[in-house]
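Please read the structure below before turning to the comments.
So that the names make sense, note that chain A is the first sequence line, chain B the second, and so on, each numbered from 1. Computed over heavy atoms, backbone and side chain alike; hydrogens, waters and symmetry mates excluded.
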Amino acid sequence: MKRTHHCAQLTPSDLHTTVSLAGWVDSVRDHGGIIFVDLRDRQGITQVKFDTNLRAEAALLKAESVIAVTGKVELRPEAMMNKNLPTGQVELDASELVVHNISETPPFPLTDAGGDKVNEDLRLTYRYLDLRRPKMRKNLLTRHRATKAVRDYFDAQEFIEVETPALFKSTPEGAREYLVPSRIHPGEFYALSQSPQQFKQILMVAGVEKYFQIARCFRDEDLRSDRQMEFTQIDVEASFIDREGIYTLFEGMLKKVWQEVLQHDLPTPFPRLAYHDAMNRYGVDKPDTRFALELVDLSDTFKTSGFKVFASTIAAGGCVKAFNAKGLADITQGEIGALEEIAKSLGAKGLAFIKVEAGEWKSPIVKFFSEAEKAALTQKLSIADGDIIFFAAATWDRACAILGRTRLEAAQLLVKRGRMTIRADQWNFLWVVDFPLMSYDEETKRYVATHHPFTAPVPEDTALIDSDPKAVRGQHYDVVLNGMELGGGSIRIHQPALQKKIFEDVLKIPADVVESRFGYMLKAFTYGAPPHGGIAFGLDRMVALLCGTTSIRDVIAFPKTQKAQDLMAQSPTPVTAKQLKDLHIQTVIPPQ
RNA sequence: GGGGUGGUAGCUCAGUUGGUUAGAGCGUCUGCCUGUCACGCAGAAGGUCGCGAGUUCGAGUCUCGUCCAUCCCGCCA
């Protein structure tokens, strides 16, 4: 039996025609003499009626069984039409039934509402059932549409998609890699590509000029709701382009994706925010600008304060920052405690605060403040009744981090109380720019590339590379949406001499190591490397936000758990001794 | 590696101060039912309270360890 229609197709215009449908049994309603089966396929649901000799057979059907049905399309009695169903005016009067497979009872409900509450480990174990849920099916479709829009866009912009190797060489800088032992070269390893960075730059030297790729990337780092061990990047690189060119190009792509997927017109250009300003105002380099609660610097106010904790921090080169969690004065002891724990985990000694209730400032520290200081606070933080002010006194980056995090938690508490709304469909894109090219790593006592070592310095800062490396800004940019870093890129270094200098003189990578790891790149650059730049953008994260979730597991068909396991297929597993022997490797833990 | 939350029936959860035979809703199974669409009605089955120790006359409940899921920190050039 071949199906002639799908399950969202039949309307009164098909009346009295004989059609065949195939799909899954969504539900069975057995009334004894008459049985209704909701038949479901990818497109929708159609009601099938069994009241003939097929009744006995239909009575044996269970939910999620796979059947094919032939019958006549009939109009339902007027009162029996279902307005909630696109096919609700008609039903199929079954004359033939093929049972392809009777299903076991599913271990959890396959509805949107029921399935969302189920423990995720169960959903992952039975992912093929989870993916039958309408919401998950929709997520897969959204991902497809978004990916297609990206390909169409870059194609129209005359970019070409070039595939690059997943099996690359190990470059221990940056993210931890997955190693792949070589059978042919005993004792040697490939690494799964963390990103096509080096290949795409080489493609520029190769004269491709406009490259893009929907690229799978691999990183052996701990997983999060927005991080999987393998993930997909929209990877782009172009020659003869500057930062403004990248901004325009990429804003165009996002505009198209939002148009195609959500029929939403994204306003462009996106606002830009300097890294330093982002940190100062929001305490993070990926601010969520859908709500304010902005940080304020109070170092001037407390420079000579009688409150020694503040004054001495400032004297030692630190700063005092605060923000007003407007209307959160009714915070509970438990909530304050939780905020304090978070602050402490970020290096704070405590989390000072002032509650303002009934015109009175309630706080363990307010007794140390002078009237002038109080007046300054009131003015700078727009303090009113019902507010609570959180303070941090520490080094600049630590104070930013503490309050940046506290700001997000406070926002959640305000949302919980219904005093603030953070809409999932408000799209606050922004470019974060002017990152420092290098930052000093206290652990290894050397400079490390903030982004990656191929980022070009801002031209007017180039002179500072030797004298004051941390003052040099990179031509780097991040795309941020609603507090999530979606991507980043830079204009690259295309002069081999400058690249070599960055590796050896600034990052202090020994010359022989530079030669063995990046020698081929430096060599390529000596054969006419065009100026170029690009961006790498997290497809999974973007699709997640398009789907109204922040967990990329919801938009990846077969994701891993936080412990990096596939609960369905049950990977990873031990391998046989022969496999290990072929690969010339031994495990320290013996195979089981 | 560290911190938080959770783990009780197939699923989602409740379970009081440590005290009799561990409950509910949904689902499942059986029977009845020709107009339901979350069908209805009647009945039934279903439990290693994640696992292991410990305290106690007595542990779902308290303590310690451990496993799993999840959120976060570290980590993610």
Starting the side chain at C-beta, find the nucleotide from B:C37, B:C39, B:U12 nearest to A:N82.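 Looking only at heavy atoms from C-beta outward on A:N82, the closest nucleotide is B:C37.
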Residue A:L124, side-chain atoms from C-beta onward, closest of B:U70, B:U12, B:C37: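 The answer is B:U70.
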For [X], report the nucleic acid contact type (base, sugar-phosphate, nothing); a contact means any heavy atom under 4.0 Å.
X: A:Q565; result: sugar-phosphate
X: A:Q47; result: base
X: A:V448; result: nothing
X: A:K563; result: sugar-phosphate

C1' atom, B:G47 versus B:G60: distance in rounded Å?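 About 11 Å, rounded to a whole number of Å.
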Expressed as a whole number of Å, how far does the C1' atom of B:U56 sit from that of B:U17?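 Result for the C1' pair: 15 Å, nearest Å.
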Rounded to the Å, how far apart are [X] [atom1] and [N] [atom2]?
X: A:Q562; N: B:G1; atom1: CD; atom2: C1'; value: 14 Å
X: A:Q89; N: B:U36; atom1: CD; atom2: P; value: 17 Å
X: A:E230; N: B:C76; atom1: CD; atom2: P; value: 20 Å
X: A:D30; N: B:U28; atom1: CG; atom2: C1'; value: 15 Å

For A:I45 and A:T87, work out which heavy atoms get closest and say how close.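 Shortest heavy-atom separation between A:I45 and A:T87 comes out as O-OG1, 2.6 Å.
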Give a yes or no on whether a donor-acceptor pair under 3.5 Å exists between the nucleobase atoms of B:C75, that is its base, and the side chain of A:R227.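 Such a pair is found, so the answer is yes.
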Could you check whether the rings of A:Y128 and A:Y126 sit parallel, tilted or perpendicular, using 30° and 60° as the cut-offs?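 Rings of A:Y128 and A:Y126: perpendicular, as their planes differ by over 60°.
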Look at atom NZ of A:K138 and say whether more than 12 heavy atoms of other residues, nucleotides or ligands are closer to it than 6.0 Å.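 Count not over threshold, so no.
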Quick one: do A:E74 and A:K49 make a salt bridge, cutoff under 4.0 Å?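 The answer is yes: the pair qualifies as a salt bridge.
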On RNA chain B, does the nearest nucleotide to A:G88 precede the nearest nucleotide to A:R541 from the 5' side, or the other way round? Give the residue.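 Whichever sits nearer the 5' end wins; that is A:G88.
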Any side-chain N or O of A:R553 less than 4.0 Å from the OP1 or OP2 oxygen of B:C71?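 Looking at the OP1 and OP2 atoms of B:C71, one of them is under 4.0 Å from a side-chain N or O of A:R553.
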